[in-house]
Amino acid sequence: MKLPHSYYSNQDVLFLAQNLLGKVLFTEIGDAITAGIIVETEAYFGVQDKASHAYGGRRTNRTEPLYSHGGISYVYLCYGIHHLFNVVSSVEDDPHAVLIRAVEPLIGKEIMEHRRNMPSSKATISSGPGSAAKALGIDQSFNKKDLTGDEIWIEDHGILYKPDEIITGPRIGVAYAQEDALLPWRFFVKNNKYVSKPNKG
DNA sequence: CGGATGATTCACT
DNA sequence: GTGAATCATCCGC
């Protein structure tokens, strides 16, 4: 059930970003288990991607997790308020990652409702990278965690979307990346209400 | 050591 | 649609 370490070694981050749609992201904090179906992702294409924190081989204390072997998390604070969760992929020193932008609440909905202070019927409970992370209880302490461990992991529940249900488009909020901002490296499930921003095909 | 800056969200107008 | 919130990180001096 749990995706094995080998899954994350895939060196094609665009494939992985698309393949992660329909997978189920779990967190366990104390006794609280929550999980959501991944319905929106973005690929960050290593050193050659101007939108990536690792662009040009930039290597700092913060970006260090990106350079690890695939299969760990990369969580960082954005705008001083939001924790954004990424799945690190590929091999060591090849800093590819997939940003999880939205999940559909599946397990532990009451816990997510409490964390977000809104009903899970509301789309915005886990729509957008900051909200999805908060619903799952992800914060800085989840940085650099092994994704095959027992604090945060991803399972395959056999959910498969048809090719025409998966939409590709430019990434959100990366205008600073100039021409790379136009690359169609955002993937989401068509018409899923938990997808942020435009979710139609 | 200080200034700038976000892979965003939410409350208002 | 607009603007505030809010701080770790990064980079230049």
Side-chain angles (χ1 to χ4, degrees), chain A residues 8 13-14 16-18 20-21 25 36 38-68 70 72-90 94-105 112-145 147 152 154 167-189 193-199:
Chain A
Y8 302 101
V13 71
L14 296 177
L16 214 54
Q18 190 161 170
L20 278 168
L21 295 177
L25 174 60
I38 298 170
V39 294
E40 180 180 357
T41 62
E42 279 178 8
Y44 284 81
F45 206 99
V47 300
Q48 63 171 276
D49 179 2
K50 288 188 181 177
S52 169
H53 289 165
Y55 175 60
R58 206 152 134 282
R59 191 163 184 158
T60 66
N61 205 44
R62 178 178 69 153
T63 63
E64 196 57 29
L66 291 171
Y67 289 84
S68 303
I72 66 162
S73 57
Y74 171 53
V75 179
Y76 78 98
L77 184 65
C78 186
Y79 291 100
I81 305 174
H82 306 290
H83 298 283
L84 273 53
F85 168 72
N86 294 253
V87 173
V88 174
S89 69
S90 194
D94 190 25
H96 289 200
V98 177
L99 170 70
I100 305 301
R101 287 192 56 88
V103 301
E104 178 177 335
M112 296 192 222
E113 289 175 343
H114 182 248
R115 285 177 185 149
R116 294 278 296 137
N117 193 31
M118 65 175 76
S120 56
S121 56
K122 241 181 174 263
T124 51
I125 190 169
S126 56
S127 178
S131 303
K134 189 168 184 192
L136 290 167
I138 295 171
D139 64 16
Q140 204 68 2
S141 70
F142 279 82
N143 191 30
K144 228 171 172 174
K145 292 285 185 192
L147 295 178
I152 183 164
I154 302 176
I167 309 296
T168 301
R171 292 172 294 179
I172 307 289
V174 295
Y176 61 87
Q178 303 167 44
E179 73 273 14
D180 284 358
L182 303 174
L183 295 166
W185 289 349
R186 172 177 179 242
F187 305 91
F188 61 94
V189 177
K193 76 171 182 176
Y194 296 99
V195 168
S196 67
K197 306 280 173 118
N199 65 349

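By convention in this document, chain letters (A, B, ...) are assigned in the order of the sequence lines, proteins followed by strands, and residues within each chain are numbered from 1. Since we're looking at a predicted model, the values are computed, not measured.
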State whether [X] places a side-chain N or O below 4.0 Å from either non-bridging phosphate oxygen (OP1 or OP2) of [N].
X	N	answer
R186(A)	dA7(B)	no
T60(A)	dT9(C)	no
Y79(A)	dA5(C)	no
Y176(A)	dA7(B)	yes
R58(A)	dC11(C)	yes

- [ ] Counting Watson-Crick and G-U wobble pairs only, both distances under 3.5 Å, name the nucleotide matched with dT6(C), or none.
- [x] none
Within this structure, what is the [atom1]-to-[atom2] distance between [X] and [N], rounded to whole angstrom?
X	N	atom1	atom2	answer
L84(A)	dA7(B)	CG	P	8 Å
Y55(A)	dA7(B)	OH	P	15 Å
E40(A)	dT9(B)	CD	C1'	14 Å
I100(A)	dA7(B)	CD1	P	17 Å
H83(A)	dT9(C)	NE2	P	11 Å
K122(A)	dT9(B)	NZ	C1'	12 Å
Y44(A)	dG6(B)	OH	P	13 Å
E42(A)	dG6(B)	CD	C1'	14 Å

Task: F45(A) ring center near H96(A) ring center (under 6.0 Å) - done: yes
Open item on the list: For F142(A) together with H83(A), are the ring centres under 6.0 Å from each other?
Closed with: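 Aromatic pair excluded; centres sit 6.0 Å or further apart.
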TODO: For residues P105(A) and I125(A), determine if any side-chain heavy atom of one lies less than 4.5 Å from a side-chain heavy atom of the other.
DONE: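 The answer is yes, as the side chains (C-beta and beyond) meet within the 4.5 Å cut-off.
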For the side chain of [X], starting at C-beta, report the closest nucleotide among [options].
X	options	result
L99(A)	dC10(C), dA7(B), dT8(B)	dA7(B)
R62(A)	dA7(B), dA5(C), dC10(C)	dC10(C)
R116(A)	dA5(C), dC10(B), dG6(B)	dC10(B)

- [ ] Tell me, please, whether F188(A) has R101(A) positioned over its six-membered ring: NZ or CZ under 6.0 Å from the ring centre and within 45 degrees of its axis?
- [x] no
TODO: Select from L77(A) and G128(A) the residue whose nearest nucleotide in DNA chain B is closer to the 5' end of that strand.
DONE: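 Comparing both residues, the 5'-ward one is L77(A).
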- [ ] First locate atom CG of L20(A), then atom OH of Y8(A), and finally report the distance between them rounded to the nearest 0.5 Å.
- [x] 7.0 Å
Hey, does [X] reach any base, or is it just sugar-phosphate, or nothing, if we go heavy atoms under 4.0 Å?
X	result
S131(A)	sugar-phosphate
S196(A)	nothing
R101(A)	sugar-phosphate

Task: Residues K50(A) and E179(A) bridged, charged N to O under 4.0 Å - done: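 Salt bridge: yes.
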Task: Side-chain-base donor-acceptor pair under 3.5 Å for H53(A) and dA7(B) - done: yes
Task: Nearest-nucleotide 5' precedence on DNA chain C, I81(A) against Q140(A) - done: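 Per heavy-atom nearest nucleotide, the more 5' residue is I81(A).
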